[in-house]
Amino acid sequence: MSFQEFGLEEKIVHGAQRLRYIDPTPIQAEAIPRILAGVDIIGSAQTGTGKTAAFVLPMLSKLKNTGKLRALIVEPTRELAAQVFEVCQDLSHFTDMHITLLHGGVKYENQKKSLSQNPDVVIATPGRLLDHLQQKQLNFNCLEMLVIDEADRMLDMGFIPDIRRIINYCPDKRQTLLFSATVAQAIESLASWAMVNPEKIIIGHRQSPAETVAHAFYPVARDQKFELLLELLEQSHYESVIVFCRTKAETDKISSWLDTHGHTVAVLHSDRSQSQRTKALQEFKAGKAEVLVATDIAARGLDISTVTHVINFDIPQNPEDYVHRIGRTGRAAATGDALTLITGEDLDQVRSIEHYIGKSVEKKKIANFCYTYTALLDKSPRAKSSSRSRRRKR
Ligand code: AMP
């Protein structure tokens with residue numbers, strides 16, 4: 001089916017065409033007709049599958065008359081909220097809809113001004129949205145549609161009580177859409193409280209990493225992790241790369257270390273100011289910074305098509321985060337490489353990742369690197385290069 005055949009408003013179809021969306025992706029084909037029919041949806045799909053447009057296209061199409069707040073999208077992080085805001089703006093390009101973005105870390109004044117202009121759609125993170133609600137800067141009297149995106153991330157970040165508070169401000173008669181990579185008990189109970197006869201849409205196996213990503217583990221002694229990271233960057237033919245670390249302090253340490261070794265680096269974690277976070281993403285997207293060093297704040301949903309490599313400097317604590325992190329590359333059917341440094345202390349996580357994704361990940365050694373001994377190396381075959389051939393930028 002084409003976008004026109006779904007019965008989407010013509011102006012919205014034109015918005016999709018402007019972004020060169022020709023054929024609907026599987027989640028769009030499943031979700032759009034149901035959302036247009038007014039059904040509550042619990043959706044789960046692999047990252048990079050077009051999930052955002054799957055709810056934004058029918059949502060915009062249903063909001064025919066402008067001038068009242070009728071749709072709310074709640075996102076767990078500022079970066080995701082800003083990304084979804086951009087998609088909404090792009091897809092509503094040929095309409096006169098007013099869309100407002102609300103998130104923390106920036107002054108209230110511009111947000112209040114935007115709210116006073118009666119937005120049709122609000123995209124928000126939970127904390128700042130509740131602030132505005134408590135200050136009566138907006139109300140949901142005319143709200144028709146609520147989207148709770150990345151619900152499992154909301155759960156990880158402790159936002160579920162805030163989400164319940166937000167839902168309490170919403171009218172009972174509304175359509176609710178909930179998207180979540182996994183549906184834990186807490187999310188099931190949120191859904192059964194907040195939704196009416198929701199239909200489930202599951203596209204692909206949630207455990208599986210994108211098929212377009214090649215992944216490998218790199219065993220190393222703990223005190224050689226920095227050197228191995230540098231060498232992996234040296235030997236990878238990357239266009240741009242995200243390096244994931246476990247803590248904010250480590251993120252800062254590694255970024256300054258890479259900086260002193262000649263890499264142009266952007267840093268993203270939650271202790272940075274909003275202007276620093278925005279600037280880091282802008283520089284990374286524009287190619288001014290070739291490496292983004294980040295905590296798991298960047299693991300979900302960020303859609304940056306130039307990312308050819310993800311390096312896990314620290315193995316993620318839980319296997320779902322592994323799948324999310326490596327999903328930052330190989331987007332929209334492009335290929336990508338995911339490299340994970342592992343030490344003897346990481347074996348439990350290695351096993352649980354392999355169990356979760358249902359296959360063992362190749363353990364590799366790189367050439368021309370002077371390894372100090374770790375028992376992990378005994379079983380690792382030598383690999384010539386960490387990556388498939390790609391344009392070398394540096
Ligand atoms: P998402 O899963 O929402 O992060 O989307 C992943 C990427 O797919 C984004 O860059 C979208 O612009 C792109 N995309 C979404 N829908 C389509 C479509 N129907 N055709 C082509 N690209 C799309």
Side-chain angles (χ1 to χ4, degrees), residues 1-9 12-36 41-61 73-93 99 101 121 123 147-153 177-182 201-206 208-213 239-240 242 281 284-286 297-308 310 320 323-336:
M1 252 193 166
S2 66
F3 285 113
Q4 288 92 323
E5 286 167 321
F6 288 133
L8 291 166
E9 281 289 297
I12 307 302
V13 176
H14 289 169
Q17 283 167 341
R18 191 172 156 264
L19 294 185
R20 299 188 200 290
Y21 295 178
I22 311 295
D23 297 315
T25 65
I27 187 152
Q28 290 165 3
E30 293 269 345
I32 292 172
R34 287 181 168 94
I35 298 173
L36 286 174
I41 296 284
I42 300 177
S44 122
Q46 286 179 265
T47 60
T49 52
K51 181 187 65 162
T52 315
F55 61 81
V56 172
L57 284 167
M59 182 191 85
L60 293 174
S61 191
I73 304 171
V74 193
E75 295 287 337
T77 67
R78 298 169 192 176
E79 284 73 18
L80 278 174
Q83 188 172 287
V84 171
F85 174 69
E86 273 178 38
V87 174
C88 284
Q89 281 197 312
D90 283 339
L91 291 174
S92 64
H93 182 83
I99 299 169
L101 171 65
V121 181
I123 296 134
V147 182
I148 304 160
D149 197 16
E150 300 281 343
D152 52 341
R153 184 77 179 130
L177 314 175
L178 181 146
F179 292 88
S180 190
T182 53
I201 301 178
I202 298 168
I203 305 287
H205 302 292
R206 64 176 171 72
S208 51
E211 279 161 17
T212 48
V213 179
E239 207 168 306
S240 62
I242 305 181
L281 267 185
F284 185 60
K285 282 184 184 172
I297 197 167
R300 294 292 185 110
L302 287 188
D303 179 35
I304 304 169
S305 57
T306 53
V307 178
T308 55
V310 164
E320 287 153 34
V323 175
H324 287 299
R325 284 183 183 186
I326 76 169
R328 294 316 100 222
T329 184
R331 309 279 296 168
T335 58

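Remember, it's 1-based here, ligands and their atoms both numbered in the order they're listed.
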Within a strict 4.5 Å, meaning less than it, do heavy atoms of the D152 and H324 side chains meet?
yes
Any N/O of F3 closer than 3.5 Å to an N/O of ligand 1?
no
Which is it for F179 and ligand 1 at heavy atoms under 4.0 Å: side chain, backbone, both or neither?
neither
Q83 N/O under 3.5 Å from ligand 1 N/O
no
Under 4.5 Å between any side-chain heavy atoms of V13 and F6, yes or no?
no
Enumerated ligand 1 atoms positioned under 4.0 Å from heavy atoms of D23
18 (C), 19 (N), 20 (N)
Apply ring-ring contact (aromatic ring centres under 6.0 Å, His included) to F179 and list each qualifying residue two or more places apart in sequence or on a separate chain.
F55
For H14, the side-chain contact (heavy atoms from CB on, under 4.5 Å) test, sequence neighbours excluded, returns E10, Q17, F94
